[in-house]
Enquirer: 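Below is a structure I'd like to ask you about.
Atoms considered below: every heavy atom in the structure, side chains included; atoms not considered: hydrogens, waters and symmetry mates.
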Amino acid sequence: MRSCPVLVLVCALGCAAGEIRWVHLSSSKGDLPAPGTSTEQTGLLAVRIDKDSPATDFVVSCRQAAPALIWYRHIKAGWSRYVVEKEFLRIEAGGAAFDIDHDGDLDVVFGDDASGNRLYWWENPYPHFDPGISWKRHTIKSGGANQHHDQVFADLKGTGAPQLVFWNQKAKTLFLSEIPAGPRHAESWPLETIFSGQAGEDVKSAAKYAEGIDAFDVDGDGRPDLLAGNFWFRRESGGRFLPVQVSEIGGRIRAGKFKRGKYAQIVIGPGDGTGPLMFLEASGDPAEPSSWRGRNLLGRDLVHGHTLDAGDIDGDGNLDIFAAEMARWTKKPGADYPDATAWILYGDGRGNFRITTLVRGNGWHEGKLADVDGDGDLDIINKPYAWETPRVDLWLNQGSPSGRTRRRE
């Protein structure tokens, strides 16, 4: 079992009085074990695999060399590296978690990249974890078109049991699948097409395929709604999902109550392209595309902004936004964008944001907010796609001198 001590590396990062203080840990400095040998790291999933621990675990997917899935488990001495899938698979960005087999622990889902047509789930072996033994892998989808970038579980049909929704990029389609009875023995899951077509790609310098997925109650009716690309989807009485366009460009997408009121607001940033980080809100009926208005939060374009998340980072009860850029996305040596920046936008609960820079010059990809050390506040997880890989980084939230933060529920 590989593990490492947590180093006391308090890094103020030029923060003003009252700002959150961060401790930066990196596998590049030996603070955590390295993910493996793959120099292309695709997905990052924050999930509580070990339900006996107060900390949130995280899983990194790779597509250039085995192992395909690596789990970082929080232990007293720091973090220990386990495998979820020790074999070589070309896993795409994304990932989702749910108790698929109804045994009380969370299982994980990832899919093939553009070279494959399979979507898989891995059976959590809790409490029998072995650092070197793969979890049992099952198939959700095989055949059809390739590439499965982004998945989410949510009860979108109102059945009382969440369904899985995922992008199949080469089919330009969003599929919905209900978990079958006896999922451990099912050879595949039933698929229902809920959307097919363009979703904000091929606009200006945005990505060449649709991406991004989330679930949140957008229209305030008490039921979760699907968000993907540049749409939110309203489920009509007949069961059809009606796409409501909220932005010209699609990409990474998050929804939440950044302002008090009935309706949610939406944030979209380009993942595999360049464009604005947009804050979108409905001035009237959110089911009407014409009611949505947006503003560029940063005043400049994001360059491959493949990190977007939301949570109450400073513990003031208001949602904040975390966004960051990739430093390298091609196979050329060095950085494609040396000035890649990570921002925290602190919300005031009224739709206004105070913009701060966490770090400049680091590569980000699929960064996540999660309580990785189990102390009750939101930390930041990152693994770059191809910048200085293999590598993982943690930014541990130490609160501010004026008061402690608290975790988002």
Enquirer: Quick check on ring-ring contact (aromatic ring centres under 6.0 Å, His included): which of Trp232, Phe166, Phe233, Phe241 does Phe195 satisfy it with?
Expert: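 When ring-ring contact (aromatic ring centres under 6.0 Å, His included) is applied between Phe195 and each of Trp232, Phe166, Phe233, Phe241, only Phe233 qualifies.
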Enquirer: How long is the gap from CD on Gln163 to NZ on Lys157, to the nearest 0.5 Å?
Expert: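 Reported to 0.5 Å precision, the distance equals 6.0 Å.
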Enquirer: Is it true that, when you exclude Lys257 itself, more than 12 heavy atoms of the residues, nucleotides or ligands shown sit nearer than 6.0 Å to its NZ?
Expert: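 Enclosed: over 12 neighbouring heavy atoms sit under 6.0 Å from NZ of Lys257.
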Enquirer: Ignoring hydrogens and angles, tell me if any N or O in the side chain of Arg328 forms a donor-acceptor pair with the backbone of Lys332 under 3.5 Å.
Expert: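 It does hold such a pair.
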Enquirer: Checking salt bridge (charged side-chain N to carboxylate O under 4.0 Å, His left out) against Arg252, which of Asp272, Asp309, Asp214, Asp150 comes through?
Expert: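 Option passing the salt bridge (charged side-chain N to carboxylate O under 4.0 Å, His left out) with Arg252: Asp150.
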Enquirer: Whether the side chain of Gln198 engages the backbone of Gly200 through a donor-acceptor N/O pair (distance < 3.5 Å, no angle test) should be reported.
Expert: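 Looks like no, no N/O pair under 3.5 Å.
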Enquirer: For Ile91, is there any backbone N or O sitting under 3.5 Å from a side-chain donor or acceptor partner on Asp113?
Expert: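 Not a single qualifying donor-acceptor pair exists.
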Enquirer: Would you please indicate yes or no on a ring centroid separation below 6.0 angstrom for Phe153 and Phe98?
Expert: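 Aromatic pair counts; centres sit under 6.0 Å.
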Enquirer: Shortest non-hydrogen contact from Ala65 to Thr37?
Expert: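 The pair with the smallest heavy-atom distance is CB-OG1, 3.6 Å.
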Enquirer: Could you check Asp57 against Tyr82 for side chain to side chain contact (heavy atoms under 4.5 Å, CB included), going step by step and ending with a plain yes or no?
Expert: CA-CA 11 Å; Asp57 308 295; Tyr82 286 61; over 6 Å; no
Enquirer: Is Arg118 salt-bridged to Asp112, going by a charged N under 4.0 Å from an acidic O?
Expert: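 Salt bridge absent between Arg118 and Asp112.
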Enquirer: Taking the side chain as everything from C-beta on, heavy atoms only, tell me whether Phe110 gets closer than 4.5 Å to Val59.
Expert: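 They are in contact (side-chain heavy atoms under 4.5 Å apart), so the answer is yes.
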Enquirer: Which residues pass the side-chain hydrogen bond (donor to acceptor under 3.5 Å, both in side chains) test with Asp99, sequence neighbours left out?
Expert: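 Applying side-chain hydrogen bond (donor to acceptor under 3.5 Å, both in side chains) to Asp99 gives none.
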Enquirer: Within this structure, what is the OG-CD distance for the pair Ser283 and Glu288, rounded to the nearest 0.5 Å?
Expert: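 One gets 10.5 Å once the value is rounded to the nearest 0.5 Å.
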Enquirer: Regarding Tyr126 and Asp103, is there a side-chain donor-to-acceptor distance under 3.5 Å anywhere?
Expert: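 There is no such pair (donor and acceptor under 3.5 Å, judged by atom type) between the side chains of Tyr126 and Asp103.
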Enquirer: Answer yes if the ring centres of His149 and Tyr209 are under 6.0 angstrom apart, and no otherwise.
Expert: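 Yes, the ring centres sit under 6.0 Å apart.
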Enquirer: Distance from Leu302 atom CG to Thr274 atom OG1, nearest 0.5 Å?
Expert: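 With rounding to 0.5 Å, CG (Leu302) is 8.5 Å from OG1 (Thr274).
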Enquirer: Cut-off 3.5 Å, side chains only: do Glu187 and His138 have a donor facing an acceptor?
Expert: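 His138 and Glu187 do not have a side-chain donor-acceptor pair below 3.5 Å.
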Enquirer: Please determine whether a side-chain nitrogen of the Lys or Arg among Asp336 and Lys331 lies less than 4.0 Å from a carboxylate oxygen of the Asp or Glu.
Expert: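 Answer for the salt bridge query: no.
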Enquirer: Show your reasoning for whether side chain to side chain contact (heavy atoms under 4.5 Å, CB included) applies to Leu394 and Ile381.
Expert: CA-CA 5 Å; Leu394 299 177; Ile381 318 166; 3.8 Å; yes
Enquirer: Which heavy atom in Val303 sits nearest to a heavy atom in Glu325, and how many Å separate them?
Expert: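 Smallest interatomic distance, heavy atoms only, reads N-OE2, 2.8 Å.
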Enquirer: Within the side chain of Asn382, is there an N or O that forms a donor-acceptor pair under 3.5 Å with the backbone of Gly363?
Expert: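 Looks like yes, one N/O pair under 3.5 Å.
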Enquirer: Would you say the side chain of His304 lies within less than 4.5 Å of the side chain of Pro270, judging by non-hydrogen atoms?
Expert: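 In short, these two side chains do not touch, never coming nearer than 4.5 Å.
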Enquirer: Please confirm whether the backbone N or O of Gly160 pairs with a side-chain atom of Asp155, one donor and one acceptor, at under 3.5 Å?
Expert: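 Pair found, side chain donor or acceptor close to backbone of Gly160.
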Enquirer: Is a side-chain donor or acceptor of Ser247 paired with a backbone partner of Ile249 at a separation under 3.5 angstrom?
Expert: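 Checked: pair present.
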Enquirer: Less than 4.0 Å between a side-chain N and a carboxylate O, is that true for Asp217 and Arg223?
Expert: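 Judged by the 4.0 Å cut-off on N to carboxylate O distance, Arg223 and Asp217 do not form a salt bridge.
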Enquirer: Assess whether a salt bridge exists between Glu85 and Arg137, defined as any Lys/Arg side-chain N lying under 4.0 Å from an Asp/Glu carboxylate O.
Expert: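 A salt bridge is present here (some side-chain N lies under 4.0 Å from a carboxylate O).
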Enquirer: For the aromatic rings, using the six-membered ring if either is Trp, is the centroid distance between Trp122 and Tyr120 under 6.0 Å?
Expert: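 Yes, close enough.
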Enquirer: Between Leu308 and Gly269, which heavy-atom pair has the shortest distance, and what is it?
Expert: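 Looking at all heavy atoms of both residues, the shortest contact is CD2-N, 3.9 Å.
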Enquirer: If every non-hydrogen atom of Arg254 is compared with every non-hydrogen atom of Ile213, which pair is closest and at what distance?
Expert: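 Looking at all heavy atoms of both residues, the shortest contact is NH1-O, 3.4 Å.
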Enquirer: Could you give the distance from CZ (Arg391) to OG (Ser28), rounded to the nearest 0.5 Å?
Expert: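 Here the rounded value is 3.5 Å.
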Enquirer: Given 3.5 Å as the limit, does a donor-acceptor pair link the side chain of Asp393 with the main chain of Ser26, or not?
Expert: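 Looks like no, no N/O pair under 3.5 Å.
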Enquirer: Under 3.5 Å, side chain of Thr193 to main-chain N/O of Phe175, donor-acceptor pair present?
Expert: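 Checking the backbone N and O of Phe175 against the side chain of Thr193, no donor-acceptor pair under 3.5 Å is found.
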Enquirer: Please determine, by modelled atom types, if Asp371 and Thr56 share a side-chain donor-acceptor pair under 3.5 angstrom.
Expert: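 There is no such pair (donor and acceptor under 3.5 Å, judged by atom type) between the side chains of Asp371 and Thr56.
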Enquirer: When you compare the side chain of Ile49 with that of Asp105, does any pair of heavy atoms fall below 4.5 Å?
Expert: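 No, every pair of side-chain atoms sits at 4.5 Å or beyond.
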Enquirer: Has Gln265 got a side-chain atom pairing as donor or acceptor with Tyr263's backbone, closer than 3.5 angstrom?
Expert: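 Yes, Gln265 side chain to Tyr263 backbone: donor-acceptor pair under 3.5 Å.
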Enquirer: Aromatic contact between Trp364 and Phe322, with the criterion being ring centroids under 6.0 Å apart: yes or no?
Expert: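 Centroid distance Trp364-Phe322: below 6.0 Å, so yes.
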Enquirer: In Å and rounded to the nearest 0.5 Å, what is the CE to CD distance from Met326 to Glu366?
Expert: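 Output value for this atom pair is 9.5 Å.
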Enquirer: With side chain to side chain contact (heavy atoms under 4.5 Å, CB included) as the test, would you mind laying out the steps for Thr357 and Thr341 before giving the verdict?
Expert: CA-CA 7 Å; Thr357 298; Thr341 302; 3.8 Å; yes
Enquirer: Between the side chains of Lys259 and Glu281, is the shortest nitrogen-to-carboxylate-oxygen separation below 4.0 Å, so that they form an ion pair?
Expert: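 Looking at Glu281 and Lys259, the cut-off is met.
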Enquirer: Which pair of non-hydrogen atoms, one from Pro180 and one from Ala186, has the smallest distance, and what is that distance?
Expert: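 Heavy-atom minimum between the residues: CG-CB, 3.8 Å.
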Enquirer: Is the shortest side-chain heavy-atom distance between Phe353 and Trp343 below 4.5 Å?
Expert: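 SC-SC contact between Phe353 and Trp343 ruled out.
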Enquirer: Are Glu19 and Arg354 ion-paired here, with the side-chain N under 4.0 Å from a carboxylate O?
Expert: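 Salt bridge flag = yes for Arg354 with Glu19.
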Enquirer: Does a salt bridge link Arg73 with Asp50, judged by any charged N lying under 4.0 Å from a carboxylate O?
Expert: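 Yes, Arg73 and Asp50 are salt-bridged.
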Enquirer: Test your reading of the model: is there a side-chain donor-acceptor pair from Asp107 to the backbone of Ile100, 3.5 Å cut-off?
Expert: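 Pair found, side chain donor or acceptor close to backbone of Ile100.
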Enquirer: Does any non-hydrogen side-chain atom of Leu242 lie less than 4.5 Å from one of Phe231?
Expert: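 No, too far: nothing below the 4.5 Å cut-off.
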Enquirer: Tell me whether Arg63 is salt-bridged to Glu40, with the criterion being a basic N under 4.0 Å from an acidic carboxylate O.
Expert: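 Yes.
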Enquirer: Would the number of heavy atoms belonging to other residues, nucleotides or ligands and lying under 6.0 Å from NZ of Lys51 be above 12?
Expert: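 Check passes, neighbour count above 12.
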Enquirer: Report the distance from atom CD of Glu92 to atom OG of Ser115, rounding to the nearest 0.5 Å.
Expert: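 Going from CD on Glu92 over to OG on Ser115, the span is 9.0 Å.
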Enquirer: Between Gln64 and Thr39, does any side-chain donor sit less than 3.5 Å from a side-chain acceptor?
Expert: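 There is such a pair (donor and acceptor under 3.5 Å, judged by atom type) between the side chains of Gln64 and Thr39.
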Enquirer: Could you tell me whether the side chains of Ser196 and Thr173 share a donor-acceptor contact shorter than 3.5 Å?
Expert: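 Yes.
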Enquirer: Begin from the C-alpha positions of Val47 and Lys368 and carry the test side chain to side chain contact (heavy atoms under 4.5 Å, CB included) through to its verdict.
Expert: CA-CA 11 Å; Val47 52; Lys368 296 289 191 298; over 6 Å; no
Enquirer: Under 6.0 Å from the CZ atom of Arg360, do we count more than 12 heavy atoms belonging to anything else shown?
Expert: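 It does not: Arg360 CZ has 12 such atoms or fewer within range.
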Enquirer: Closest heavy-atom contact between Leu369 and Leu378?
Expert: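 Closest pair (atom of Leu369, atom of Leu378, distance): C-CD2, 4.3 Å.
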